[in-house]
Number of protein chains: 2
Amino acid sequence: MTESTKDAEYLGLLQNYYAAWHSLPSYNRLCEVLGLASRSAVSKVLNRLREAGFLDRTPDAMWVPTAHFFERSLAAFHVPAGTPDHAGEAGVEAFAVDAYLIPKPSHTTLVPVKGDSMIDAGIFSGDIAVVEQRVAAQAGDIVVAIVDNEFTIKTLDMERGKYLLRPANPAYPVIRPRGQLELFGVVVGLIRKYRS
Amino acid sequence: MTESTKDAEYLGLLQNYYAAWHSLPSYNRLCEVLGLASRSAVSKVLNRLREAGFLDRTPDAMWVPTAHFFERSLAAFHVPAGTPDHAGEAGVEAFAVDAYLIPKPSHTTLVPVKGDSMIDAGIFSGDIAVVEQRVAAQAGDIVVAIVDNEFTIKTLDMERGKYLLRPANPAYPVIRPRGQLELFGVVVGLIRKYRS
DNA sequence: TCGCTAAGTGAACATTTGTTCTCTAGCAAT
DNA sequence: ATTGCTAGAGAACAAATGTTCACTTAGCGA
């Protein structure tokens, strides 16, 4: 059961539509989106995509995307090294962004980054930090801490048995908490979006 | 115009349903999900949520969640001691990450980054670049280009009408393509994962 | 060339959809 | 109490839904 080229194209169109609207359209709309003239053809396409594992149905028979639907192609080559052989573009594998970045959704929060105190660590203002909430961390972890009632992102370090928060920017001072260090969570990932 | 407590509850139920199925149910199903007996009540709830900015409709009048729908306030979490002023910034719910980063799934590839030639731009070895494949780009864009049969990620710039590729690391030279510059795509996002 | 298969068309169908209307119950303010 | 207001119930409706059927077309191998 080879994945048909045409169906892959249909899947791409569906993914684009879903990315724009966060929802799958009705059959009538699908005719336009997929470039088909009849709803019965749409029905067949959807059933094929379900058999391929990209779609599923709710108990109410509504079409919904599966985890496979959200997988993206991950280029096998590295940048800049590597041998492109880009004609084939072979060796792309599936990659689910959400599952990769957020293994524990219930304990994870996305925190917008403000300020440039971690600029040398490649964390810029406007980035979004993926924060796993927990109370314990190790020296070397990048953490979200609460200092003077404000959230701040810094590298956690230890000096003579006491924790301190180290910025990654020489223009900022090291923070040595007076009492207990209040930890919001550990930064486990980073998201950045370019352009608007 | 106060945000009703009941509506907030309805919104939560909707968010739960959406988290489970990645789709909004039909009115009949919504009656069960929201605990209402009549579809007209459902209609009113949805319209209220639209006015509050959590829902919208496609041109085909289908209900879809808006960006607000996916937002989750930091304040919703228990923060140990104190009320940090997080300046009204809000987190985004986990499953929206994918849609946030990848507006055009079918033209997007994820490319692992190797090397430190873009380190000053906050792009490190091991990061994953979100690359939108296209042939045109503007000066200032970070692009994935093909130079000497190798993929490379650099900032695109123009000098005297000719394109050149500028690294974000003084240790690397500017690349001035001899002939035509071959573009693989434009970097529209970045993903980084800390620790394993 | 002949068939075979799969993909797409177009019409018909009973259901279901979402909307609109009127009506009732609860709540708040006076 | 009475008045107003809103949330929700319930019925009625035209319109749209998704499925099924028989039919056409295109591609492929023998």
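Every chain is numbered from 1, with letters handed out A, B, ... down the list of sequences. None of these values were measured; they are calculated from a predicted model. Computation of the quantities below employed the complete heavy-atom set of this structure, encompassing side-chain atoms and omitting hydrogens, waters and symmetry-equivalent molecules.
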Enquirer: Taking any heavy-atom pair under 4.0 Å as a contact, classify B:Arg29: base, sugar-phosphate, or nothing.
Expert: nothing
Enquirer: Let's test your reading of the model: under 3.5 Å, does the base of C:dG10 pair with the side chain of A:Ser40 as donor and acceptor?
Expert: yes
Enquirer: Using the side-chain heavy atoms of A:Ser26, tell me which of these nucleotides is nearest: D:dG18, D:dA9, C:dG8.
Expert: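 Of the candidates, D:dG18 comes closest.
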Enquirer: Are B:Lys6 and B:Glu9 within salt-bridge range, i.e. N to O under 4.0 Å?
Expert: no
Enquirer: Quickly work out the A:Leu36 CG to C:dA7 C1' distance and round it to whole Å.
Expert: 9 Å
Enquirer: Please say which of A:Phe70, A:Trp21, A:Trp63, A:Tyr18 ends up in a ring pair (Phe, Tyr, Trp, His ring centres under 6.0 Å) with B:His22.
Expert: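 The single option meeting the ring pair (Phe, Tyr, Trp, His ring centres under 6.0 Å) with B:His22 is A:Phe70.
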Enquirer: Is A:Ala41 touching bases, backbone alone, or none of the nucleic acid, heavy atoms closer than 4.0 Å?
Expert: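 Base, at least one base heavy atom under 4.0 Å.
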Enquirer: In whole angstroms, how far is the P atom of D:dA16 from the CE atom of B:Met62?
Expert: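 Interatomic distance, CE of B:Met62 to P of D:dA16: 14 Å.
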Enquirer: Whole angstroms only, please: what is the CG-P distance between A:Asn47 and D:dG18?
Expert: 12 Å
Enquirer: Between B:Lys44 and B:Asp60, which is nearer to the 5' end of DNA chain D once each is assigned its nearest nucleotide?
Expert: B:Lys44
Enquirer: I'd like to check A:Ile123 versus A:Ser117 (side-chain heavy atoms, cut-off strictly below 4.5 Å). Are they in contact?
Expert: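 A side-chain contact under 4.5 Å is absent here.
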Enquirer: By nearest heavy atom, map B:Arg39 and B:Tyr10 onto DNA chain D; which one lands nearer the 5' end?
Expert: B:Tyr10
Enquirer: Return the value, rounded to whole Å, for the distance between atom CG of A:Leu46 and atom C1' of C:dG8.
Expert: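 Nearest whole value for this atom pair: 14 Å.
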Enquirer: Taking CG from A:Leu34 and P from D:dG18, how many angstroms apart are they, rounded to a whole number?
Expert: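 Rounding to the nearest Å, CG of A:Leu34 and P of D:dG18 are 13 Å apart.
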Enquirer: In whole Å, what is the span from the CG atom of B:Asp7 to the C1' atom of D:dG8?
Expert: 12 Å
Enquirer: CD of A:Glu51 versus C1' of C:dA7: gap in Å, rounded?
Expert: 14 Å
Enquirer: Would you mind telling me which residue lines up with the more 5' stretch of DNA chain C, B:Ser43 or A:Val42, judged by nearest nucleotide?
Expert: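 It is A:Val42 whose nearest nucleotide is closer to the 5' end.
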Enquirer: Whether A:Tyr27 contacts D:dA16 is assessed here as follows: a side-chain N or O lying under 4.0 Å from the phosphate OP1 or OP2. Is that the case?
Expert: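 No.
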Enquirer: Expressed as a whole number of angstroms, how long is the span from B:Glu32:CD to D:dG8:P?
Expert: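 So the two atoms are 17 Å apart, to the nearest Å.
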Enquirer: Check every atom of C:dA7, C:dT9, D:dT17 against the side chain of A:Asn28 and return the nucleotide holding the closest atom.
Expert: D:dT17
Enquirer: State yes or no: do B:Leu49 and B:Leu13 share one hydrophobic cluster built from I, L, V, M, F, W and Y residues joined by side-chain heavy-atom distances below 4.5 Å, directly or via other members?
Expert: yes
Enquirer: If you compare every side-chain N and O of A:Arg57 against the phosphate oxygens of D:dG18 (OP1, OP2), does one of them come in below 4.0 Å?
Expert: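 For A:Arg57, the contact criterion (side-chain N or O under 4.0 Å from OP1 or OP2 of D:dG18) is not met.
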Enquirer: With the threshold set at 4.0 Å, does a side-chain nitrogen-carboxylate oxygen contact exist between B:Glu51 and B:Arg48?
Expert: no
